[in-house]
Visitor: 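Here it is, the structure in full.
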Amino acid sequence: AEYMGRKRATEELGRLRHHLEDMVTERTAQLQRTSEALRAVAAEQTALFEAAPVGIAVLCNRVVERCNPRLEAIFGVAPGGLLGVSTRQWYLDDAGYEEM
């Protein structure tokens with residue numbers, strides 16, 4: 001009887017292990033599909049950002065963190081020339097800057 005109990009427990013553990021392996025395989029495949037979809041969306045967003053016919057900037061505390069080539073062309077700066085720059089220089093005076 002004890003042998004049969006151990007045998008059943010071993011078989012159940014084997015079944016559960018296989019089920020867990022199947023779940024891990026499926027979750028891994030799901031994660032891979034999601035990652036690929038995110039990469040595709042990110043590439044599309046980057047292409048749109050870079051090709052936009054208008055100047056676009058991503059700001060944090062009114063400092064340029066990222067901008068597209070069109071904005072650099074508008075300001076006549078080299079690629080990367082606006083990164084880290086305060087938007088204060090975009091205003092004629094402090095009053096205009098503070099008003100925004």
Side-chain angles (χ1 to χ4, degrees):
E2 185 179 326
Y3 170 76
M4 291 303 289
R6 284 185 184 174
K7 184 177 178 187
R8 276 190 227 121
T10 300
E11 289 171 354
E12 179 66 9
L13 283 174
R15 188 185 67 73
L16 290 172
R17 181 177 51 82
H18 288 298
H19 178 66
L20 182 59
E21 288 172 354
D22 290 344
M23 288 175 59
V24 168
T25 299
E26 175 55 34
R27 294 284 194 258
T28 300
Q30 187 179 48
L31 180 59
Q32 185 175 5
R33 288 189 302 272
T34 301
S35 293
E36 289 170 5
L38 286 173
R39 275 192 290 280
V41 168
E44 182 179 20
Q45 286 179 343
T46 298
L48 290 169
F49 184 82
E50 296 295 320
V54 297
I56 302 172
V58 176
L59 308 174
C60 182
N61 296 321
R62 301 176 88 172
V63 173
V64 178
E65 288 195 340
R66 185 174 175 214
C67 68
N68 68 344
R70 181 64 184 131
L71 189 67
E72 293 167 335
I74 289 169
F75 284 99
V77 299
L82 291 175
L83 300 180
V85 172
S86 169
T87 59
R88 168 58 187 92
Q89 73 176 20
W90 299 352
Y91 297 87
L92 295 175
D93 54 35
D94 288 337
Y97 178 75
E98 295 302 326
E99 186 177 306
M100 291 299 289

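One-based numbering along the sequence shown.
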Visitor: Under 3.5 Å, is there a donor-acceptor pair between the side chain of Glu72 and the main chain of Gly80?
Guide: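 Yes, because the side chain of Glu72 sits within donor-acceptor range (under 3.5 Å) of the backbone of Gly80.
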Visitor: Just wondering, more than 12 heavy atoms not from Leu92 lying within 6.0 Å of its CG?
Guide: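 At most 12 heavy atoms, drawn from other residues, nucleotides or ligands, come within 6.0 Å of this atom.
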Visitor: Within this structure, what is the CD1-CH2 distance for the pair Ile74 and Trp90, rounded to the nearest 0.5 Å?
Guide: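 Rounded to the nearest 0.5 Å, the CD1-CH2 separation comes out at 9.5 Å.
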Visitor: Look at atom CD of Glu21 and say whether more than 12 heavy atoms of other residues, nucleotides or ligands are closer to it than 6.0 Å.
Guide: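 Enclosed: over 12 neighbouring heavy atoms sit under 6.0 Å from CD of Glu21.
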Visitor: Less than 4.0 Å between a side-chain N and a carboxylate O, is that true for Arg6 and Glu2?
Guide: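 Between Arg6 and Glu2 there is a salt bridge, with a charged N closer than 4.0 Å to a carboxylate O.
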Visitor: Quick check: closest heavy atoms across Cys67 and Leu83, and the distance to 0.1 Å?
Guide: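 Closest approach of Cys67 to Leu83, heavy atoms only: N-CD2, 4.3 Å.
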Visitor: Is any NZ, NE, NH1 or NH2 atom of the basic residue among Glu98 and Arg62 found under 4.0 Å from an Asp or Glu carboxylate oxygen of the other?
Guide: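 So Glu98 does not pair with Arg62 through a salt bridge.
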Visitor: Any link between Val58 and Val54 through a network of hydrophobic side chains (Ile, Leu, Val, Met, Phe, Trp, Tyr) touching at under 4.5 Å?
Guide: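 Shared cluster, yes.
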Visitor: Do the non-hydrogen side-chain atoms of Val64 and Leu59 ever get within less than 4.5 Å of each other?
Guide: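 In short, these two side chains touch, coming nearer than 4.5 Å.
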Visitor: Answer yes or no: are there more than 12 heavy-atom neighbours, outside Glu12 itself, under 6.0 Å from its atom CD?
Guide: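 Yes, the 6.0 Å shell around CD holds more than 12 heavy atoms from other groups.
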Visitor: Any pair with a residue in residues 18-68 that passes ring pair (Phe, Tyr, Trp, His ring centres under 6.0 Å), sequence neighbours left out, goes on the list, sorted by first then second residue, please.
Guide: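 Those involving residues 18-68 do not exist here.
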Visitor: Does some side-chain heavy atom of Val41 sit less than 4.5 Å from a side-chain heavy atom of Leu38?
Guide: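 The answer is no, as the side chains (C-beta and beyond) never meet within the 4.5 Å cut-off.
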Visitor: Can you tell me how far the CD atom of Gln30 sits from the OG1 atom of Thr25, to the nearest 0.5 Å?
Guide: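 Gln30 CD to Thr25 OG1: 12.5 Å, rounded to 0.5 Å.
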Visitor: Would you say Asp93's side chain and Ala95's backbone share a donor-acceptor pair under 3.5 angstrom?
Guide: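 Judged by distance alone, yes, a pair lies under 3.5 Å.
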Visitor: State yes or no: do Leu48 and Ile56 share one hydrophobic cluster built from I, L, V, M, F, W and Y residues joined by side-chain heavy-atom distances below 4.5 Å, directly or via other members?
Guide: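 Shared cluster, no.
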Visitor: Is Val77 reachable from Leu71 through a run of I, L, V, M, F, W or Y residues, each pair having side-chain heavy atoms under 4.5 Å apart?
Guide: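 Linked within one cluster.
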Visitor: Identify, with sequence neighbours excluded, every residue that meets ring pair (Phe, Tyr, Trp, His ring centres under 6.0 Å) alongside Tyr91.
Guide: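 Expected list: Tyr97.
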Visitor: Distance from Asn68 atom CG to Thr46 atom OG1, nearest 0.5 Å?
Guide: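 Spacing of CG (Asn68) from OG1 (Thr46) equals 11.5 Å.
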Visitor: So Arg88 and Asp94, do their side chains get closer than 4.5 Å, heavy atoms only?
Guide: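 Asp94 reaches Arg88 side chain to side chain.
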Visitor: For Asn61, does the CG atom sit with more than 12 other heavy atoms under 6.0 Å from it, leaving out its own atoms?
Guide: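 Not more than 12 within 6.0 Å, no.
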Visitor: Heavy-atom count check: over 12 atoms from other residues, nucleotides or ligands less than 6.0 Å from Arg33 CZ?
Guide: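 Counting other residues, nucleotides and ligands, CZ of Arg33 exceeds 12 neighbours.
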